[in-house]
Amino acid sequence: MTTETDEREILTEIRDGVCVITFNRPKARNAITATMGPAYADALRAADDDPAVRVIVVTGAGPGFCSGADLDVLRGGPEMIKKFVPAREDLPTLAVRLRKPVVAAINGAAVGIGFAYMLGSDIRFAAESAKLATAFSRLGLAAEYGVSWLLPRVIGVQAAMELLLSGRTIDAQEAAAIGLVHRVVPDGTVLDAALAYAADLAANCSPFSFATIKKQVYADLDRSADDALTDTLQQMDIAFDGPGLAEALTARTEKRSAVFDALPARD
């Protein structure tokens, strides 16, 4: 099933437990408009709330992933730019707070807010020709959309500082070398690679585990080791009593794939 929103700027499609969300302004290299950001956030929330979806894949239509904010917005002056900035709950860091894994298939340039959307995903695949740039310092801007919080946690303070201060463009190979992307694949295959990865997660891993592990990892970024260990023990007790472990062990005994329960819709 395919659902189109916001005059086709954002497309969503569900494939066997994987929701593919596509930035769909290919002629503009998927530059973000004032309506596109909230529509993308709505698509993420809808996928997270849908029991039929276990993993989310994000990509761009045409040759680019997301080239940043639409130039008409940037040329419109401070007031237009301020109106363009999504509400706090719709910022790119929304993906971090979802219960389900978000996998980016970076098929081309990811710049500015496009870099932030790419960074907000949990796992990142990049095409060989993909180019990535924060770009903020080259436009006289601050580090935007939570990038200054998340980027150092992904690649370390020095590497993050260098990319933010220089605003320079890096290629996919350098991005992989510094840990910014998980895997580099040939052009034209990045969506297939991301989908294959997502399909394996959807078919063989527990949605309960996805939600718990994501919450643990991102919360632990700001917790002491002692608090993290306390939470780990609590989460272990919950998992031991849940149906997932019993199903996994039964499936192994019966030499079949485990069938894990879907996450319910949020209240």
Side-chain angles (χ1 to χ4, degrees), residues 21 32 37 40-41 44-45 48 55-58 65-66 68 85-106 109-126 130-138 141-184 194 197-198 201 205 209-235:
I21 302 177
I32 301 296
Y40 174 62
L44 285 176
R45 280 189 286 262
D48 198 50
V55 183
I56 300 165
V57 171
V58 180
F65 179 77
C66 176
V85 175
R88 185 186 181 99
E89 62 270 18
D90 292 345
L91 291 173
T93 48
L94 166 64
V96 170
R97 302 193 301 275
L98 300 184
R99 300 176 297 169
K100 299 172 183 179
V102 180
V103 181
I106 309 159
V111 180
I113 192 172
F115 184 98
Y117 282 131
M118 174 274 301
L119 183 65
S121 61
D122 303 300
I123 304 291
R124 292 167 285 277
F125 288 73
K131 305 294 184 183
L132 314 177
T134 61
F136 305 126
S137 66
R138 300 193 176 221
L141 298 170
E144 297 180 338
Y145 305 112
V147 169
S148 60
W149 177 82
L150 188 53
L151 188 59
R153 288 163 168 79
V154 172
I155 63 173
V157 172
Q158 179 171 259
M161 190 69 79
E162 194 282 320
L163 290 184
L164 287 168
L165 293 178
S166 71
R168 68 185 178 88
T169 299
I170 64 172
D171 60 24
Q173 290 72 24
E174 182 175 356
I178 62 176
L180 183 55
V181 301
H182 167 63
R183 187 181 305 170
V184 178
Y197 179 85
L201 296 187
C205 299
S209 294
F210 291 155
T212 302
I213 291 168
K214 281 195 63 169
K215 187 175 181 181
Q216 286 177 287
V217 169
Y218 290 119
D220 285 352
L221 293 176
D222 294 316
R223 282 199 284 226
S224 69
D226 187 62
D227 288 344
L229 288 173
T230 298
D231 180 69
T232 292
L233 293 172
Q234 292 172 346
Q235 298 304 328

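Because the structure is predicted, anything quoted here is derived from the model rather than measured.
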Fit a plane to each ring of Phe136 and Tyr145, take the angle between them on a 0 to 90° scale, and name the class: parallel (under 30°), tilted (30 to 60°) or perpendicular (over 60°). tilted
When you measure from the side chain of Ser121 to the backbone N and O of Met118, does any donor-acceptor pair fall under 3.5 Å? yes
Full working for side chain to side chain contact (heavy atoms under 4.5 Å, CB included) between Lys131 and Asp171: CA-CA 5 Å; Lys131 305 294 184 183; Asp171 60 24; 3.7 Å; yes
Looking at Lys100 and Asp122, does any basic side-chain N land under 4.0 Å from a carboxylate oxygen? no
Would you say that Tyr197 contacts Val57 through its side chain, given a criterion of any heavy-atom pair below 4.5 Å between the two side chains? no
Roughly how far, to the nearest 0.5 Å, is CZ of Arg168 from OG of Ser137? 11.0 Å
Measuring from Leu119:CG to Ile113:CD1, what's the distance to the nearest 0.5 Å? 12.5 Å
Side-chain touch Leu233/Leu229, heavy atoms, less than 4.5 angstrom: no
From Leu163 atom CG to Leu180 atom CG, the distance as rounded to the nearest 0.5 Å: 7.0 Å
SB check Arg45 Asp48 (cutoff 4.0 Å): no
Considering only heavy atoms from C-beta outward, does the side chain of His182 approach that of Phe125 to under 4.5 Å? yes
Look at the side chain of Arg138 and the backbone N and O of Ser166, then say whether any donor-acceptor pair between them is shorter than 3.5 Å. yes
Can a salt bridge be assigned to the pair Lys215 and Asp231 using a cut-off of 4.0 Å between side-chain N and carboxylate O? no
